[in-house]
Each structure stands twice: as structure tokens, then as C-alpha cells.
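The structure appears below as C-alpha cells.
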Amino acid sequence: MKSHGPVLAAAILLPLCAAAGPAPQNDLREFRVGMPVSALPQSGYGAFACANDSSRKIEDWQDYKACPAASDGLRAVSFRYDTGSDDGQTIVGGQPVTLALLIDDSAGVAGLRIETDPHTRLYLHKKAYLFALQVRARFGDDGWTCRKTEPTATEQPVGGVFVNEHCEKLTESRRFLLDRQLFRDPAKDLRDFTDATQLTILKAPG
């Protein structure tokens, strides 16, 4: 597999709004970390469910308390864009993704999680790790602290490319957690590989 590098990342920018700036700005569409659940949009979104238990469906954002709390006390509500398309995919930056809002006990949006969808077509799945480059281009390439993991016996390069890293960035108002992976287990089928990006945007501590 050939890496498309930052050229592709620059060509398809994320429809996200940078968190820095003098006025509050949205992080994705109408969503902003720190906003109250009562201010969440009432239309344009659907397929609400508990992200940590997808079998538990809910009617809308207001039912977030029906979802189990994680160890940090936050309740994750997954949702999709209501596009009316047959495939039901939610697209961000040209990449199919899954979305979840992380809601705290005070009915506030404490975080937003964006993950590339592993169940998409192979052509798009191969590019999932490049989504992280778009995130960095949009929120600023400076200020990230990254930790890379070396290949193991069960995590080997795909087409000569190996990626397994965790990055973090802290601004005055946001904490960004960015993970991306591209590797495969050589004992498994060639089409069975890990290629993913996960972005979590949280309120800055303090």
C-alpha cells in the first residue's frame, strides 16, 4: 500500500472549527464542547444509541442518562447525520466515521469523539489513518506531543507502512487526544488489517 501523505490531507479539509480564538467556536457542525445538552440541535441527526452499549437505543440527546457511565463518569451517546442516504454513513473530511458526544452529570457536553468507521468499503478503509493528518492540519500542527509504538510479532507493516501512535495537544480551552494505527497480523488474511484514527476533544482541565 502506498502512503498518500499530507497531499490528500490538505486536499480534503475537515469541516471542523478550530477551538482556539477569542469567541466560542464549534468543534464540529453545531457541536461545541462545553455546550449544554438543552442547546443541542433538534433536527438533522438520528440513530441515537449508547456508544458503550449499541443495543441500547434512545430517542434523543435528552435520554443520555439511560446510557452507562464510563470510569470517568461521562455517558457516551452515539449518533449519525440524518442525510437520507441509503447507506446511512456519516462522512467527515471525506471519511466515513462514527460520532459520540460525551455528556457529564451536569447535562453538559464534556467531549466529542470521532472515529473512522472500520466497516466501510476497502478503498476508504485503507485511508483511515490519513484522517489524523487532516485533524492536525485543521487544529494546528504545532503543540502535539506524540508517543509511537514499534512493530511487534502480531503488529506488522501494511505495504511497508507501519503506524501506531498516540498524540495529545492542550490549548486554553481544549484537550485533544489523537490515535492512529496502520498494521496487520501476518498470521491473518491480507484483507484483515487495522487502519484507524480516533479523535477525542475534551474540555481543558482547570
Side-chain angles (χ1 to χ4, degrees), residues 12 14-17 19 24-129 131-132 134-135 138-139 166 174-181 191-203:
I12 311 175
L14 278 169
L16 300 173
C17 297
Q25 296 180 338
N26 292 344
D27 297 294
L28 174 69
R29 283 195 169 191
E30 299 132 291
F31 304 102
R32 184 180 71 257
V33 171
M35 70 189 300
V37 170
S38 59
L40 290 171
Q42 299 301 305
S43 62
Y45 305 93
F48 300 103
C50 299
N52 296 331
D53 182 2
S54 58
S55 65
R56 194 178 301 188
K57 310 298 181 183
I58 58 178
E59 290 297 320
D60 55 33
W61 317 108
Q62 306 297 330
D63 295 332
Y64 71 93
K65 287 187 177 180
C67 297
S71 58
D72 57 7
L74 301 179
R75 302 174 191 271
V77 176
S78 63
F79 64 99
R80 292 180 178 177
Y81 294 169
D82 188 6
T83 61
S85 63
D86 294 334
D87 58 20
Q89 288 187 324
T90 290
I91 307 295
V92 175
Q95 187 70 36
V97 299
T98 61
L99 301 173
L101 293 184
L102 310 179
I103 302 175
D104 59 30
D105 287 337
S106 62
V109 176
L112 168 67
R113 188 169 66 219
I114 306 173
E115 297 183 79
T116 52
D117 189 347
H119 304 298
T120 189
R121 291 174 298 171
L122 181 62
Y123 170 75
L124 291 171
H125 182 45
K126 288 180 179 180
K127 300 179 179 181
Y129 78 105
F131 186 74
Q134 298 186 56
V135 171
R138 187 58 173 160
F139 289 111
H166 171 78
R174 298 286 187 273
R175 181 188 179 201
F176 299 93
L177 307 178
L178 181 62
D179 293 275
R180 67 171 181 151
Q181 302 88 30
R191 286 177 170 263
D192 187 1
F193 59 93
T194 297
D195 193 336
T197 292
Q198 181 186 89
L199 169 66
T200 304
I201 306 174
L202 302 167
K203 289 188 293 186

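Note: hydrogens, waters and symmetry copies are ignored here, and every other heavy atom, side chains too, is used.
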Taking C-beta and beyond as the side chain, do L122 and F193 meet within less than 4.5 Å on heavy atoms?
yes

Distance (rounded to the nearest 0.5 Å) between D105 CG and K65 NZ
7.0 Å

Side-chain contact test, heavy atoms from C-beta onward, threshold under 4.5 Å: evaluate it for R29 versus P41 and give yes or no.
no

Approximate separation, where rounding is to 0.5 Å, of R121 CZ and K127 NZ
10.0 Å

Closest heavy-atom pair, I58 versus C67, reported as atoms and distance to 0.1 Å, is CD1-SG, 4.3 Å

Trace of the side chain to side chain contact (heavy atoms under 4.5 Å, CB included) decision for L40 with M35:
CA-CA 8 Å; L40 290 171; M35 70 189 300; 3.8 Å; yes

Measure the shortest side-chain to side-chain distance between D82 and S43 over non-hydrogen atoms and say whether it is less than 4.5 angstrom.
no

Min side-chain heavy-atom separation T200-L102 under 4.5 Å:
yes

Report yes if the side chains of L199 and L177 come closer than 4.5 Å at any heavy-atom pair, otherwise no.
no

Note: P96 and G94 closest approach over all heavy atoms is CD-O, 4.0 Å

Rounded at 0.5 Å granularity, tell me how far CD1 in I114 sits from CD1 in I201.
5.5 Å

Measuring from atom OH of Y64 to atom CG of D104, what distance do you get when rounded to the nearest 0.5 angstrom?
7.0 Å

Return yes if some donor-acceptor pair links the side-chain N/O of T90 with the main-chain N/O of V97 below 3.5 Å, else return no.
no

Going through the checks in order, is the side chain to side chain contact (heavy atoms under 4.5 Å, CB included) test met by F131 and V92?
CA-CA 9 Å; F131 186 74; V92 175; 4.0 Å; yes

Atom CG of D195 and atom OG1 of T116: how far apart are they, to the nearest 0.5 Å?
7.0 Å

K203 versus G34, closest heavy-atom pair with distance
CD-CA, 4.1 Å

Tell me whether the rings of W61 and F31 are parallel (<30°), tilted (30 to 60°) or perpendicular (>60°).
perpendicular

Is any side-chain heavy atom of R80 less than 4.5 Å from a side-chain heavy atom of L99?
no

Which atom of R180 lies closest to which atom of A132, heavy atoms considered:
CD-CB, 3.4 Å

Is there a side-chain contact between V33 and L202 in this structure, where contact means two heavy atoms from C-beta onward sitting under 4.5 Å apart?
no

Does some side-chain heavy atom of R32 sit less than 4.5 Å from a side-chain heavy atom of V109?
no

From CA spacing to verdict: side chain to side chain contact (heavy atoms under 4.5 Å, CB included), T98, S78:
CA-CA 7 Å; T98 61; S78 63; over 6 Å; no

How far does CD1 of I103 sit from CG of L74, to the nearest 0.5 angstrom?
9.5 Å

Correct closest heavy-atom pair for R56 and A66 would be NH1-O, 2.7 Å

Cation-pi geometry met for R174 and F139 (6.0 Å, 45°):
no

Which heavy-atom pair separates T120 from H125 by the least distance, and what is that distance?
CG2-N, 3.7 Å

